[in-house]
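Letters go in sequence order (proteins before strands), and every chain restarts at 1. These figures come from a predicted structure and were not determined experimentally.
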2 protein chains.
Amino acid sequence: MSILSKGEKTRADIVEVAKELFYEHGYDGTSFSQIVEASGLHRGNIYHYFKTKDEILHAVIDLRLQEFRQVLDQWNMRYTDPRERLRAFVAMIADNKTELVNYGCPIGSLNTELGKDRRDLQKRARELFDLFRDWLAERFAELGHKKDAEPLALHLLGRAQGIAVIAHVYHDPKLLQREIRQVESWIDDR
Amino acid sequence: MSILSKGEKTRADIVEVAKELFYEHGYDGTSFSQIVEASGLHRGNIYHYFKTKDEILHAVIDLRLQEFRQVLDQWNMRYTDPRERLRAFVAMIADNKTELVNYGCPIGSLNTELGKDRRDLQKRARELFDLFRDWLAERFAELGHKKDAEPLALHLLGRAQGIAVIAHVYHDPKLLQREIRQVESWIDDR
DNA sequence: GTCTATACCTGGATAGAC
DNA sequence: GTCTATCCAGGTATAGAC
């Protein structure tokens, strides 16, 4: 356990609460009052840590980047075979099917929302895609796809996004499972 | 040209303007004032035709359904080969790459937004997916895929959505083109 | 069928006591 | 570092004159 001062813990609590709310209701769909209620803190106190709602979003993206980096590191440690590593990526999707079906992909839906009118923020959120793209590209490079590692990574990311969108639209975990199986055999063929 | 009374034309103008705004800024991201400004009408007048903003959205979905039905009918008339018809579907994506890169898929992004917090409205918006799913399934049935026509249709829809999301996130029409080519050869293999 | 004025609420944000 | 009170802009929606 890391040692957090009182203020650091409060700040982390706000970000954690905001992360969940932004995912479940969208960024614009989450009001400051909702963050206030869900955190059990008071308006003024939250503004003590963040000057604007946008700043909270930046902190949420930082947190997600940090969490995903940890996950990727764990996969790298747990598996040595590049195909095993890629399979860990698709397994994550299957493991999160309930949330995906209910709220869509946390990364994709955030980027889709911000991409409409807030390109500045979307650019920031895109880093989440970059993180996975780069990690996946490394895996394809390990498999010998020196030249088209990045196209393959983006293809796989796209497949994952498409599955998440359709599964969300139809609220259907079976559909997600079925499509995931196809992606797995696609990986086996690379 | 169909004959529209003055009131019918005003109503159609509102829906057309709202369709564009909802696509470019999202449903929640579009304010009533924006519709007022873009239409050149006045608040009260718009409320004369629609009691709520939700009602406008319903009308927009109706319009989109109508427009897409026309497009699908045209493809059915223009092509007889099922593969040709499927290729018309993917050609539409390539033809709209500029808008897709700027605002995402009009159907997908709407469903993603509404799916977060407004399931009632999302259910309505889902009809747009159903329209394409059913049409695509018919085409796969024509190709002899009697049993798995619908899974194939949903797979293709998912591929299209994934491509739209990634192309939007990275604002990259080349990426879209590259992925579309893969979907084309996937169709050739069915 | 068109337009003006306005009600009412919730949004994000601030000032300042404790 | 915490909390209360409040501001102001903007949101949707309504009433009613023309």
Take atom OH of A/Tyr47 and atom P of D/dT2, then tell me their distance rounded to the nearest Å. 17 Å
What's the separation between atom CG in B/Leu114 and atom CZ in B/Arg126, rounded to the nearest 0.5 Å? 11.0 Å
Interatomic distance where CD1 belongs to B/Ile46 and P belongs to D/dA15 [whole Å]: 18 Å
If you assign A/Asp28 and A/Gly44 each to the DNA chain C nucleotide with the nearest heavy atom, which residue ends up on the more 5' nucleotide? A/Asp28
Which comes earlier along DNA chain D counting from the 5' end, the contact point of B/Gln34 or that of A/Tyr49, where each point is its nearest nucleotide? A/Tyr49
Calculate the interatomic distance between A/Glu37 atom CD and D/dC3 atom C1'; express it in whole Å. 16 Å
Ignoring hydrogens and geometry beyond distance, is a side-chain donor-acceptor pair present between A/Asp130 and B/Tyr170 at under 3.5 Å? yes
List the atom of B/Arg133, the atom of B/Ala153, and the distance in Å for their closest heavy-atom pair. O-CB, 3.4 Å
Indicate whether OP1 or OP2 belonging to D/dT2 is found under 4.0 Å from a side-chain N or O atom of A/His48. no
Specify the separation, in whole Å, of atom CG of A/Asn45 and atom P of C/dC18. 18 Å
So, does B/Ser31 get its side chain near the phosphate of D/dG11, meaning an N or O under 4.0 Å from OP1 or OP2? yes
Under 4.0 angstrom, heavy atoms only, what part of the nucleic acid is A/Thr30 near: base, sugar-phosphate, or nothing? sugar-phosphate
Between the side-chain atoms of A/Arg43 and the base atoms of C/dG12, is any donor-acceptor pair under 3.5 Å? yes
In whole Å, what is the span from the CD1 atom of A/Ile14 to the P atom of D/dG1? 11 Å
Could you state the CZ-C1' distance from B/Phe32 to D/dG10, rounded to the nearest angstrom? 14 Å
Taking only N and O in the side chain of B/Ser33, is any of them less than 4.0 Å away from OP1 or OP2 of D/dG10? no
Can you measure A/Leu121 atom CG to C/dG12 atom P for me and round it to whole angstrom units? 14 Å
Do B/Asp54 and B/Tyr27 get their side chains close enough for a donor-acceptor pair, meaning under 3.5 Å? yes
When the distance from CZ of B/Phe50 to C1' of D/dA13 is rounded to whole Å, what number comes out? 15 Å
Any B/His42 side-chain N or O less than 4.0 Å from OP1/OP2 of C/dT2: no
Below the 4.0 Å mark, does D/dT12 have OP1 or OP2 next to a side-chain nitrogen or oxygen of B/Thr52? no
Given D/dT12, is OP1 or OP2 found less than 4.0 Å from the side-chain N or O atoms of B/Lys53? yes
Is A/Glu16 salt-bridged to A/Lys19, cutoff N-O under 4.0 Å? yes
